[in-house]
Amino acid sequence: MRKEENLILISEHTLFNLCYPRFKNQEIKTNSTKIQIMFFPFPTIDSCSLDNREMQTVVADLDGTLLRSSSSFPYFMLIAFEAGSPLRALLLLLISPLVYILYHFISEAAGISLLIFVSCAGLKVSAIESAARAVLPKFYLEDMHPVSYKLFTACAHRYVVTANPRIMVEPFLKDYLGVDAVMGTEIQVSKSGYATGFVTAPGVLVGAHKEHAVKKNFGTGADDVPDVALGDRPTDYPFMRLCKEAYMVVGGKDVEAVPKEEYLKPLIFHDGRLACRPTPLMCMAVILWTPIGLSLAILRVSLGVLFHPRWKLSVLRFLGVVVHVKGTPPPCPRATGSSDASTTASSSSGRGGGVLFVCSHRTLLDPLFVSFVLRRPVTAVTYSISRVSEWLSPIKTVRLTRNRSFDANTMSTLLNEGDLVVCPEGTTCREPFLLRFSALFAELADKIVPVAMNIKITMFHGTTARGWKGLDPFFFFMNPRPTYEVRFLDQLPLELTCLSGAKTSHQVANYIQETLANSLGFQCTNLTRKDKYMVLAGNDGVVQQQQQPDQRSKLLQHSCSNT
């Protein structure tokens, strides 16, 4: 007979007060059933009403409360890897069993202290802040608990008290959850701006330290206490007792994360190399795969460079790169002759004879895959490309100068020589959004073919705003089965180009952006390349300059406005 295990949650103040001095979770066993009874001093969040919360104040824990997972290990791993190095990440993985023992069997504060030391010791505080702003929000948002999220965002004034370092969680909480203040563990910083790995007084915020932090922030008067408290563990009870109402969050692993359409602010920009959530098991898988993936990436890049364009796509598919081609690629202009109406019209207008392929921009490899699918060489123009990528590129790449007239002459000359690929967004975007299109390309050609590009990866992102761009192709090809989707849309009719005189270059650019977005199921935005780098790196992507933190958050206020 199969044994079953049932969980009964009891949350009665009276019962808890009677047994609190000897409080323990209890199990009752029978011949066929084991029933686990858990006593909580507060009602569970499922019994909480969302009505009339518009003017109230809420204080919540983070891990296991606002987030479904009670483990903060993945976020410390991201800091160790993205702000530190792979060696630091490996060290953190190796000591993770010790962290688990300390956290669960000895002291929650001791476990967090060890995570902070290994992850942050010796790192520049600016590097930690950069990773916290550019990398962590995506992973936090994808782990939001739907029930606590609804209650938290229903309140007007939101506060978070957490054992995690404030520097690590504050950018996400303020930018994406509208938190008024974050009460978190403070890390020591040296005079030269480096984290020592230790924490300042009063130490890691657990238990009574959380209570003191809430009292310090709100005061001790009866009228100053918060309206609602949310927590998930015994070390949250002290601060929860200060509030007028308190609710326990349980069973986070069994619920679906908050849907993207319910985010207070959409996630458009994020950075970092890791595409998967770095749990200990996933980190082990990534580490074991990396030597294989790196060898495979070098092989894929090398053969992609050496083989003739006619065979490149077949070779990549043989090496595990999945390529989906949709639509009908246009034939080579030289093979169509002069009988084509569009060719005749272009010739009479003095425009170039090549086809202008206008692509959505997912990785640096977009023009290469257009060339591979066409099975012929094309030329790509770019504003910034690393010397390594330029040297390895199997197609011709030409740098633009951001001087409009000079770049227009350059692109016109290239179109006279053959096919040209442009990515008018000016930079890549990982999420299902299209950035604003530069309209210069629309003034230069009449044979315009939109190409919807999309990718799927499992381990590594092949783009970066903060790291070395020369490694982008290798990181993409390090994925076990990287996938590229290339969809050729219909060539624009002449009446929708600038040749007709009825359309301006901006109208043509906006039309193509909307067409590509509809094809991909993406959303158009007015955000630009400069906006992306302001958010992720604090500069305009060209010249390093200091940017005020509050200006970064303002950039995304208009992020989803259609062009």
What's the verdict on salt bridge (charged side-chain N to carboxylate O under 4.0 Å, His left out) for Glu431 and Lys260, showing C-alpha distance, side-chain angles and the deciding distance?
-> CA-CA 11 Å; Glu431 294 300 309; Lys260 290 185 177 181; 3.4 Å; yes
Measure the CZ-CG distance between Phe437 and Asn526 for me, rounded to the nearest 0.5 Å.
-> 12.5 Å
Could you pull out all residues at least two apart from Asn454 that satisfy side-chain hydrogen bond (donor to acceptor under 3.5 Å, both in side chains)?
-> none
Considering residues at least two apart in sequence or located in another chain, which fulfil the side chain to side chain contact (heavy atoms under 4.5 Å, CB included) criterion with Pro202?
-> Leu205, His209
So the salt bridge (charged side-chain N to carboxylate O under 4.0 Å, His left out) pairs with at least one residue in residues 102-131 (sequence neighbours excluded) are Glu108-Arg233
Cationic N near anionic O, under 4.0 Å, Arg273 to Glu82 | no
Basic-acidic side-chain contact under 4.0 Å: Glu256, Arg68 | no
Are side-chain heavy atoms of Thr363 and Asp472 found at a separation under 4.5 Å?
-> no
Could you tell me which residues satisfy ring-ring contact (aromatic ring centres under 6.0 Å, His included) with Phe476, sequence neighbours excluded, listed by chain and number?
-> Tyr484
Electrostatic pair Asp61:Lys210 at N-O distance under 4.0 angstrom | yes
Met478 backbone acceptor or donor facing Trp289 side chain under 3.5 Å = yes
Here the gap from Glu142 atom CD to Lys138 atom NZ, rounded to the nearest 0.5 Å, amounts to 3.5 Å
Looking only at heavy atoms, the pair that brings Leu102 and Ala110 closest together is CD1-O, 4.2 Å
With Glu262 via side-chain hydrogen bond (donor to acceptor under 3.5 Å, both in side chains) - residues at least two apart | none
Scan His361, Arg529, Lys532 and name whichever one has a side-chain hydrogen bond (donor to acceptor under 3.5 Å, both in side chains) with Thr428.
-> Lys532
Would Phe42 and Tyr237 count as a close aromatic pair, with their ring centres under 6.0 Å?
-> yes
Taken to the nearest 0.5 Å, the spacing of Leu136 CG from Ile79 CD1 works out to 4.5 Å
Do the non-hydrogen side-chain atoms of Leu114 and Ile95 ever get within less than 4.5 Å of each other?
-> yes
What pairs with Pro278 under side chain to side chain contact (heavy atoms under 4.5 Å, CB included), at least two apart in sequence or on another chain?
-> Pro74, Met77, Leu78, Phe139, Leu274, Cys283
Inspect the surroundings of CD1 in Ile106 and state if more than 12 heavy atoms from other residues, nucleotides or ligands are less than 6.0 Å away.
-> yes
What one should report as the nearest heavy-atom pair of Val182 and Val169 is CG1-CG2, 3.9 Å
Give a yes or no answer on whether the side chain of Asp271 reaches the backbone of Leu536 with a donor-acceptor pair at less than 3.5 Å.
-> no
Between Tyr100 and His104, how do the two ring planes meet: parallel, tilted or perpendicular, split at 30° and 60°?
-> tilted
Cation-pi between Lys265 and Tyr176: NZ/CZ under 6.0 Å from ring centre and within 45° of the ring axis?
-> yes
Is the backbone N or O of Ala163 less than 3.5 Å from a side-chain atom of Thr185, with the two atoms forming a donor-acceptor pair by type?
-> yes
Carboxylate-amine/guanidinium contact Glu245 Arg53, below 4.0 Å | yes
Value rounded to 0.5 Å, distance of OH in Tyr140 from CE in Met168 = 4.0 Å
Could you tell me which residues satisfy side chain to side chain contact (heavy atoms under 4.5 Å, CB included) with Leu90, sequence neighbours excluded, listed by chain and number?
-> Leu94, Ile287
Between Glu485 and Val322, is a side-chain contact (heavy atoms from CB on, under 4.5 Å) present by the stated rule, with each step listed?
-> CA-CA 8 Å; Glu485 180 180 307; Val322 180; over 6 Å; no
Test side-chain contact (heavy atoms from CB on, under 4.5 Å) applied to Thr483 and His324, step by step = CA-CA 8 Å; Thr483 299; His324 299 300; 3.7 Å; yes
When the side chains of residues 225-232 are checked against the rest of the protein, which donor-acceptor pairs come out under 3.5 Å, sequence neighbours left out?
residue : atom : partner : partner atom : Å
Asp227  : OD1  : Lys244  : NZ           : 3.4
Asp227  : OD2  : Thr57   : N            : 2.8
Asp232  : OD1  : Thr65   : OG1          : 3.1

Side chains of Val179 and Phe152 in contact at under 4.5 Å (non-hydrogen atoms) = yes
Enter the distance from Asn164:CG to Glu170:CD here, rounded to the nearest 0.5 Å.
-> 13.0 Å
Could you check Cys429 against Leu434 for side-chain contact (heavy atoms from CB on, under 4.5 Å), going step by step and ending with a plain yes or no?
-> CA-CA 7 Å; Cys429 184; Leu434 290 183; over 6 Å; no
Hits for side chain to side chain contact (heavy atoms under 4.5 Å, CB included) against Asn479, two or more places apart or cross-chain, chain-then-number order -> Ile457, Thr458, Met459, Phe460, Pro482
Charged N-O contact under 4.0 Å between Asp143 and Arg277 | yes
Criterion side-chain contact (heavy atoms from CB on, under 4.5 Å) on Ile187 and Thr200, from CA distance to verdict = CA-CA 6 Å; Ile187 63 175; Thr200 62; over 6 Å; no
Do Asp175 and Pro137 touch side chain to side chain, with heavy atoms closer than 4.5 Å?
-> no
Min side-chain heavy-atom separation Leu177-Phe172 under 4.5 Å | yes
Residues 144-157 vs side chain to side chain donor-acceptor pair (under 3.5 Å), sequence neighbours excluded, gives none
State whether a side-chain donor-acceptor pair under 3.5 Å links Glu261 with Tyr263.
-> no
Looking only at atom types and distance, does a side-chain atom of Asn518 sit under 3.5 Å from a main-chain N or O of Glu514, one as donor and one as acceptor?
-> yes
Among all residues two or more places apart in sequence or in another chain, which pass the side-chain hydrogen bond (donor to acceptor under 3.5 Å, both in side chains) test with Ser130?
-> Arg466
Partner of His270 by side-chain hydrogen bond (donor to acceptor under 3.5 Å, both in side chains), out of Arg133, His461, Arg430 = Arg430
What distance separates Asp180 CG from Tyr159 OH, expressed to the nearest 0.5 Å?
-> 4.5 Å
Could you tell me whether the side chain of Val135 reaches within less than 4.5 Å of the side chain of Phe81, counting heavy atoms only?
-> no
Can you list the residues that meet the side-chain hydrogen bond (donor to acceptor under 3.5 Å, both in side chains) rule with Ser519, with sequence neighbours excluded?
-> Arg487
Does the side chain of Leu92 reach to within under 4.5 Å of the side chain of Phe73, using non-hydrogen atoms?
-> yes
Sub-4.5 Å side-chain heavy-atom contact between Leu67 and Tyr75 | yes
